[in-house]
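Structure, as structure tokens:
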Amino acid sequence: MSFVRTMATLAVGFAAARGLETFQKMGGGAGIADSVKSAATRVGIGSQIGPLLERMQVPGGAAALKANAKWLGAKGRETGDHALVGLGGLMAALGGAAWAGSVNARDILNAMGEVAPPDVSMEKNARLLIRSMVMAAKSDGEIDAAERAAIFDVLGDATEEERAFVEAEMVRPIDIEALAAETGTHQRTAVYAAGVVTTRLDSPAEIAHLDRLADALHLGRAARQRIHKAMRLPQVLA
């Protein structure tokens with residue numbers, strides 16, 4: 001695959017591993033769930049994601065979501081609504097990061113779903129986003145064995161190098177300062193937004209992790225609020 005595709009598949013993996021009910025309490029799913037709640041009770045959340053992305057003015061909208069879903073590996077596609085919610089949450093996060101000024105986030109959004117391999121810079125940026133997603137997900141404890149097994153099942157089409165990278169990040173101690181030190185000015189909002197995707201909004205420890213990440217990235221309140229607003233989340237997470 002590529003690290004860009006692995007990043008997208010990882011968002012799906014978290015949705016599948018934790019289940020839609022729990023993922024809808026995380027940054028990547030909460031805004032989407034609240035926005036389609038009444039429709040979701042009637043016809044299922046998956047069918048509502050594309051139209052919602054159009055209303056949210058996420059670059060590419062429903063067409064990009066459809067292309068990205070086809071672009072996933074077979075295991076990712078098999079997760080059904082989990083794939084659409086996970087991808088939708090990641091797309092909304094990257095759209096918010098782009099709105100907050102990240103050219104890199106826009107480039108990664110444009111690269112998702114493409115057949116041509118991403119360039120070296122984009123792959124490097126995708127690895128930063130993967131690290132941020134994993135750190136946020138384990139900031140209130142650990143990613144347990146059952147969750148890891150479910151995530152790696154979804155990552156079935158990833159290369160050995162890509163799987164090894166994700167696995168190493170899952171067991172590595174959280175080091176926000178190291179992540180921030182490797183994050184360039186133009187990647188800051190994207191790295192933060194990726195962390196929001198896998199943060200449980202009802203966990204004080206995970207919200208505190210996001211606060212520390214924002215501080216380490218020197219990300220101001222206005223940029224954070226733009227990202228939260230784009231993801232249909234409260235402007236201040238608490």
Side-chain angles (χ1 to χ4, degrees), residues 1-18 23 26-29 53 58-60 64-65 67-73 75-77 79 82-98 102-138 143 147-148 150-170 172 179 182-184 186-199 213 227 231:
M1 294 205 298
S2 69
F3 280 100
V4 171
R5 191 178 301 191
T6 297
M7 173 201 66
T9 310
L10 185 61
V12 174
F14 276 113
R18 298 197 166 174
F23 193 71
M26 298 166 71
L53 294 181
V58 173
L65 177 68
N68 291 340
K70 289 182 178 179
W71 178 67
L72 288 175
K75 289 290 187 178
R77 292 194 299 271
T79 65
H82 297 88
L84 297 174
V85 175
L87 281 172
L90 178 62
M91 290 172 64
L94 290 172
S102 173
V103 175
N104 302 90
R106 190 177 299 113
D107 289 343
I108 288 177
L109 262 175
N110 291 337
M112 288 171 60
E114 292 292 328
V115 175
D119 61 30
V120 172
S121 175
M122 217 171 295
E123 287 284 84
K124 180 181 178 181
N125 292 336
R127 286 193 289 270
L128 290 173
L129 270 58
I130 289 170
R131 290 172 63 188
S132 185
M133 291 167 69
V134 173
M135 280 189 197
K138 65 181 182 181
I143 302 171
E147 288 179 337
R148 285 201 301 272
I151 289 168
F152 280 107
D153 183 55
V154 175
L155 288 173
D157 291 339
T159 66
E160 187 174 327
E161 178 189 10
E162 291 155 3
R163 291 170 66 89
F165 180 84
V166 174
E167 189 164 11
E169 291 304 315
M170 286 186 175
R172 179 178 299 173
L179 176 63
E182 295 179 42
T183 301
H186 299 298
Q187 290 90 36
R188 291 183 302 173
T189 55
V191 167
Y192 175 80
V196 176
V197 170
T198 54
T199 293
L213 177 62
I227 294 166
M231 298 175 73

> NE2 of H186 to CG of D107: how many Å apart, nearest 0.5 Å?
Replying inline: 11.0 Å
>> I want to check something: taking the side chain as every heavy atom from C-beta on, are M112 and L87 in contact at a cut-off of under 4.5 Å?
In response: yes
>> Check this for me: does any side-chain nitrogen of one of R163 and E160 sit under 4.0 Å from a carboxylate oxygen of the other?
In response: no
>> Suppose we screen for salt bridge (charged side-chain N to carboxylate O under 4.0 Å, His left out). Which residues come up paired with R77, at least two apart in sequence or across chains?
In response: none
> What are the two closest non-hydrogen atoms of A126 and I108, and how far apart are they?
Replying inline: N-CD1, 4.3 Å
>> When you compare the side chain of T199 with that of M26, does any pair of heavy atoms fall below 4.5 Å?
In response: no
>> On a heavy-atom basis, which atom in P59 and which in A64 lie closest, and how many Å separate them?
In response: O-CB, 4.2 Å
>> Before you tell me yes or no, could you show the steps for I130 and E162 under side-chain contact (heavy atoms from CB on, under 4.5 Å), namely the whole-Å CA-CA distance, both residues' side-chain angles and the distance that decides it to 0.1 Å?
In response: CA-CA 10 Å; I130 289 170; E162 291 155 3; over 6 Å; no
> Side-chain contact, heavy-atom cut-off 4.5 Å: L94 with L129?
Replying inline: yes
> Under the side-chain contact (heavy atoms from CB on, under 4.5 Å) criterion, do H82 and V154 qualify, and how do the steps go?
Replying inline: CA-CA 11 Å; H82 297 88; V154 175; over 6 Å; no
> Under the side-chain contact (heavy atoms from CB on, under 4.5 Å) criterion, do L213 and M135 qualify, and how do the steps go?
Replying inline: CA-CA 10 Å; L213 177 62; M135 280 189 197; over 6 Å; no
> Would you say the side chain of E114 lies within less than 4.5 Å of the side chain of N110, judging by non-hydrogen atoms?
Replying inline: no
>> Quick check for you: to the nearest 0.5 Å, what is the distance between L53 atom CG and L65 atom CG?
In response: 5.5 Å
> Can any side-chain N or O of R5 pair as donor or acceptor with the backbone N or O of W71 at less than 3.5 Å?
Replying inline: yes
>> I'd like to know if the side chain of K138 reaches the main chain of R172, judged simply by a donor and an acceptor atom lying under 3.5 Å from each other, with no hydrogens or angles considered.
In response: yes
>> Could you measure the distance from the CE atom of M7 to the CD atom of E123? Nearest 0.5 Å is fine.
In response: 9.5 Å
>> So, taking the atom named CE in M170 and the one named CD1 in I151, what distance separates them when rounded to the nearest 0.5 Å?
In response: 4.0 Å
>> If you compare all heavy atoms of G76 against all heavy atoms of A83, which two are closest, and at what distance to 0.1 Å?
In response: O-CB, 3.5 Å
>> Between F165 and R131, is the side-chain contact (heavy atoms from CB on, under 4.5 Å) condition met? List the steps.
In response: CA-CA 9 Å; F165 180 84; R131 290 172 63 188; 3.8 Å; yes
> Does the K75 side chain pair with the main chain of D157, one donor and one acceptor, at a distance under 3.5 Å?
Replying inline: no
> Is a side-chain donor or acceptor of S2 paired with a backbone partner of P117 at a separation under 3.5 angstrom?
Replying inline: no
> Is there side-chain contact between K124 and F3, with heavy atoms separated by less than 4.5 Å?
Replying inline: no
> Where do G86 and A11 come nearest, in terms of heavy atoms and distance?
Replying inline: O-CB, 3.7 Å
>> For a quick test of reading the model, state the closest non-hydrogen atom pair linking N68 to G113 and the distance between them.
In response: OD1-N, 3.2 Å
> So which heavy atom on L128 is nearest to which on E182, and how close?
Replying inline: CD1-O, 3.8 Å
>> Would you compute the distance between atom CD of Q187 and atom OG of S132 and round it to the nearest 0.5 angstrom?
In response: 12.5 Å
> Would you say R188's side chain and T183's backbone share a donor-acceptor pair under 3.5 angstrom?
Replying inline: no
> Got a second to check how far L155's CG is from T9's OG1, nearest 0.5 Å?
Replying inline: 6.0 Å
